[in-house]
Protein chains: 2
Amino acid sequence: MGRKIINNPNSCSLVHAMNIIGGKWKPIIIYLLANGSLRFGKLLLFIPTISKKVLTDQLRELEEDRLIIRTKFAEIPPRVEYSLSEKGETLLPVLKALSNWAIDSYQEINFEMCKIIEL
Amino acid sequence: MGRKIINNPNSCSLVHAMNIIGGKWKPIIIYLLANGSLRFGKLLLFIPTISKKVLTDQLRELEEDRLIIRTKFAEIPPRVEYSLSEKGETLLPVLKALSNWAIDSYQEINFEMCKIIEL
DNA sequence: AATAGTGGTAACCAAAAGGTAACTTATGGG
DNA sequence: CCCATAAGTTACCTTTTGGTTACCACTATT
């Protein structure tokens, strides 16, 4: 049986998507930004177990992949707001589908036990 | 402004889904199994840069999360076949949506450059 | 008696990801 | 003059993930 090498855009683009949203806190950040922009400090409060450095790293990567937009105001003390880009918005229904899949497929897990802090 | 702790099943189930499909080779394995069951050795051939140990690890985790089924035949030399479970099948449309999102959102990337070996 | 074929394990190592704590910058307020 | 504040950065450390190589078990074939 001869193997042949073929193009497989599906699995490749999927791997790319996983690289983009696969960071430990990225889906949470995207969900928090779904309802509007948030300042750095608020994100820190809403994700109580993340550290400044890691939050910064994740935000930078999301920005680099153009899922979020960082707006810096020329104020002292500094003010920075993060919001979803258009590209980020288009990801929401896909993440919703993934979330629903997990809820349906692992009904024995009580996902309500997971708490996140919100406004 | 007072924070309150709320249940957030969405982001939690999403994190769970990411844990399940987030392994480096898992989306590829799932895509390869989408067209029918494959033996261990075939998977090794089709993913030329994976090692036996890592393939074993990924398959074990997918099995533990009940996305794939491992069928061992009592033959010498051994024969083991891996196939998608029903749960694994229901994941396919979601992965497809994620793949399409990446293709649409990052049109500047040529995902066809990514090659995978197939039958 | 030696070898091939299949699906692994075991011991070990390297790289990436994530985490901690202290420090920085600039300005207004006491 | 000192402190607080927001949004970081820096140096360092730990954990997780992925990777390499050698080895094993069992039988049929040469």
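A note on names: the letters A, B, ... follow the listed sequences, proteins ahead of strands, and every chain is numbered from 1. FYI, side chains are in, hydrogens and waters are out, and symmetry mates aren't considered; it's all heavy atoms of this structure.
When the side chain to side chain contact (heavy atoms under 4.5 Å, CB included) test is applied to A:Arg66, the partners found at least two apart in sequence or on another chain are A:Lys87, B:Tyr106, B:Glu108. Residues satisfying the side chain to side chain contact (heavy atoms under 4.5 Å, CB included) test with A:Val15, not counting sequence neighbours, are A:Asn19, B:Ile28. Residues passing the salt bridge (charged side-chain N to carboxylate O under 4.0 Å, His left out) test with B:Glu75, sequence neighbours excluded: B:Arg79.
Using a 4.0 Å heavy-atom distance criterion, B:Lys52 is classed as a base contact.
The residues B:Glu61 and B:Lys26 are annotated as salt-bridged, a charged nitrogen and a carboxylate oxygen being separated by less than 4.0 angstrom.
Taken over five-pair windows at either terminus, the axes of the helix from C:dA1-D:dT30 to C:dG30-D:dC1 are inclined to one another by 30° (rounded to 10 degrees).
Shown here for B:Leu14 and A:Ser99, the closest heavy-atom pair between the two residues is CD1-N, 4.2 Å. Among all heavy-atom pairs drawn from A:Trp101 and B:Thr90, the shortest one is NE1-OG1, 2.9 Å.
Here the CD1-NE2 distance, from A:Ile109 to B:His16, works out to 3.5 Å after rounding to the nearest 0.5 Å.
Taking atom CG on B:Leu45 and atom C1' on C:dG7, their separation rounds to 13 Å, with Å as the unit. The separation between B:Phe40 atom CZ and C:dG8 atom C1' is 6 Å, rounded to whole Å. The distance from atom NZ of B:Lys53 to atom C1' of C:dG8 is 13 Å, rounded to the nearest whole Å.
Within residues 55-82 of chain B, the residues having any heavy atom under 4.0 Å from DNA chain D are, by residue number, B:Gln58, B:Ile76.
Residue A:Leu67 is tested with A:Leu84, A:Leu33, A:Leu62 for a side-chain contact (heavy atoms from CB on, under 4.5 Å); the sole match is A:Leu62.
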Practice prompt. Report the C-alpha distance between A:Trp25 and A:Leu55 in whole Å, list the side-chain angles of each, state the deciding distance to 0.1 Å, and finish with yes or no for side chain to side chain contact (heavy atoms under 4.5 Å, CB included).
Written response: CA-CA 8 Å; A:Trp25 304 102; A:Leu55 179 56; over 6 Å; no
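For DNA chain D, the span of nucleotides reached by chain B at under 4.0 Å from its heavy atoms goes, 5' to 3', from D:dG18 to D:dT27.
Under the 3.5 Å distance criterion, with hydrogens and angles disregarded, a donor-acceptor pair is assigned to the side chains of A:Glu81 and A:Ser37.
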